Amino acid sequence: MIHPHIADALKIPDLVRLTDAMILVRFESMKIYSALAAVRHLLDRGTIRRGQTLIDSSSGIYAYALALACHRYGLRCHIVASTTVDATTLAQLEILGASVEQVRPSRNLKLDQELRVRRVKEILAEYPGHHWMRQYHDDIHYLGYHDVADRIAAAFPGRPLTVVGGVGSGASTGGIVERLRRTDPTVRLVGVQPFGSVTFGSQDHHDPEAIIAGIGSSIVFDNVHHHLYDGVHWMDFTHAMSGAVALLRDHAVFAGLSTGAGYLAASHEVRRHPDRLHLVIGADTGHRYVERVFARHKESLDLAALKPVEVAAPEEMTMPWSTMAWQRTPAPAHRKERAA
């Protein structure tokens with residue numbers, strides 16, 4: 001196949017067998033699927049037009065995805081970036097034609113996300129013609145993952161499936177599983193969260209080294225549909241790093257920190273449910289984590305010696321790794337209110 005644009009080629013994931021019971025759904029940059037489908041949908045609906053500026057906040061891979069989608073469809077792109085966005089991504093964004101501004105440095109994830117949202121609103125007030133993509137709140141970001149689900153269903157017909165991946169905005173794991181369950185309601189979904197995220201109630205636990213902002217949140221995300229999740233794992237930086245290092249050492253897969261966290265969580269789920277095929281969502285490559293993660297590989301732990309604490313409620317969780325059967329429970333009422 002000859003692709004009309006590099007984004008169309010990059011979005012397609014590779015299916016890599018890790019064990020008999022575990023498959024890695026490995027993306028170059030997962031949110032390209034989401035951004036391309038969302039932008040195409042908005043253009044087709046007449047909500048946006050070519051030449052218009054699209055704006056959003058991002059901690060990394062969505063910024064790159066949106067810049068590619070804008071390049072693909074002839075739109076302008078403005079990113080309000082987290083301080084965690086690496087130099088390689090920033091350089092690519094600028095060369096792709098996106099304008100980028102970063103909020104002031106903050107070691108507090110909540111403050112970082114609040115500052116970004118506040119700045120987006122300031123820009124929209126000044127430039128009302130810009131369109132806010134709202135990756136955290138607009139369910140058009142589910143659309144792109146329907147194709148991923150169809151690929152998975154075609155590859156593993158009749159197999160009992162469990163999808164394991166970082167929760168983040170909710171669109172990737174939610175979009176894939178929502179589609180898969182249209183034909184097989186038994187598909188399980190296990191979400192992975194860092195400590196400190198409000199999404200599944202770990203906001204009272206502080207991990208000073210947590211840099212996996214892309215799979216957690218300090219503000220409420222409307223795109224997270226809690227009732228889709230069968231289980232949740234919370235883990236600290238060291239456990240996620242150990243998963244990423246083990247994935248590279250044991251399977252030669254160079255992937256990001258959220259993939260490492262998903263790999264560790266899936267390893268536990270396989271022991272619990274050996275009859276099921278577990279699909280680990282690998283959101284991106286490991287390039288932007290070289291200095292902060294892979295350069296510290298000697299500090300990684302032996303995965304075989306790690307085991308989570310199983311809890312019955314979020315209030316019982318404890319660091320460094322806890323897990324809970326969520327059982328497709330809707331979000332608590334107080335978390336349904338959108339943060340400013």
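What you see is a predicted model, and the numbers here were worked out from it, not measured in a lab. Starting from 1, each residue takes its place in the sequence as its number.
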Undergrad: Distance from L277 atom CG to I23 atom CD1, nearest 0.5 Å?
TA: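 One finds 5.0 Å between CG of L277 and CD1 of I23.
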Undergrad: Do Y142 and H225 make the cut of ring centroids closer than 6.0 angstrom?
TA: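 Aromatic pair counts; centres sit under 6.0 Å.
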Undergrad: Test of understanding: with salt bridge (Lys or Arg N to Asp or Glu O under 4.0 Å), list the residues that count as partners of R296, not counting sequence neighbours.
TA: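 E209, E299.
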Undergrad: Listed by chain and number, what are the ring pair (Phe, Tyr, Trp, His ring centres under 6.0 Å) partners of H5, not counting sequence neighbours?
TA: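 Listed in chain order: H71.
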Undergrad: For this output row, return yes or no: ring centroids of Y62 and H141 closer than 6.0 angstrom.
TA: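 Between Y62 and H141, the centre distance is under 6.0 Å.
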Undergrad: If you measure from the Lys or Arg side-chain nitrogens to the Asp or Glu carboxylate oxygens, is any gap between R119 and D56 under 4.0 Å?
TA: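 No salt bridge links R119 with D56.
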Undergrad: Does the distance from a Lys or Arg side-chain N to an Asp or Glu carboxylate O, for E269 and R272, drop under 4.0 Å?
TA: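 A salt bridge is absent here (no side-chain N lies under 4.0 Å from a carboxylate O).
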Undergrad: Using 0.5 Å steps for rounding, measure from the OG atom of S172 to the OH atom of Y145.
TA: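 Result: 5.0 Å between the selected atoms.
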Undergrad: Output the distance between atom OG1 (T162) and atom NE2 (H278), rounded to the nearest 0.5 Å.
TA: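 Here the interatomic distance stands at 4.0 Å.
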Undergrad: Enumerate the residue pairs fulfilling salt bridge (charged side-chain N to carboxylate O under 4.0 Å, His left out) with a member in residues 194-203, sequence neighbours excluded, ordered by first and then second residue.
TA: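 For residues 194-203: none.
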Undergrad: So which atom in S242 and which in L303 form the shortest heavy-atom distance, rounded to 0.1 Å?
TA: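 Heavy atoms of S242 and L303 come nearest at O-CD1, 3.4 Å.
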Undergrad: Can you confirm if the aromatic rings of H233 and H268 lie within a centre distance of less than 6.0 Å?
TA: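 Yes, the ring centres sit under 6.0 Å apart.
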Undergrad: Can you confirm if the aromatic rings of F294 and H297 lie within a centre distance of less than 6.0 Å?
TA: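 For H297 and F294, the ring centres are not under 6.0 Å apart.
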Undergrad: About how many Å separate CD of E178 and NE2 of H227, when rounded to the nearest 0.5 Å?
TA: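 Rounded to the nearest 0.5 Å, the NE2-CD separation comes to 6.5 Å.
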Undergrad: I would like to know whether N223 and Y136 meet side chain to side chain contact (heavy atoms under 4.5 Å, CB included); could you show each step before the answer?
TA: CA-CA 6 Å; N223 272 344; Y136 305 133; 5.7 Å; no
Undergrad: Does D44, at its CG atom, have more than 12 non-hydrogen atoms belonging to other residues, nucleotides or ligands within less than 6.0 Å?
TA: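 Yes, the 6.0 Å shell around CG holds more than 12 heavy atoms from other groups.
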Undergrad: Do Y229 and F200 have ring centroids that are under 6.0 Å from one another?
TA: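 Close enough - the centres of the two rings lie under 6.0 Å apart.
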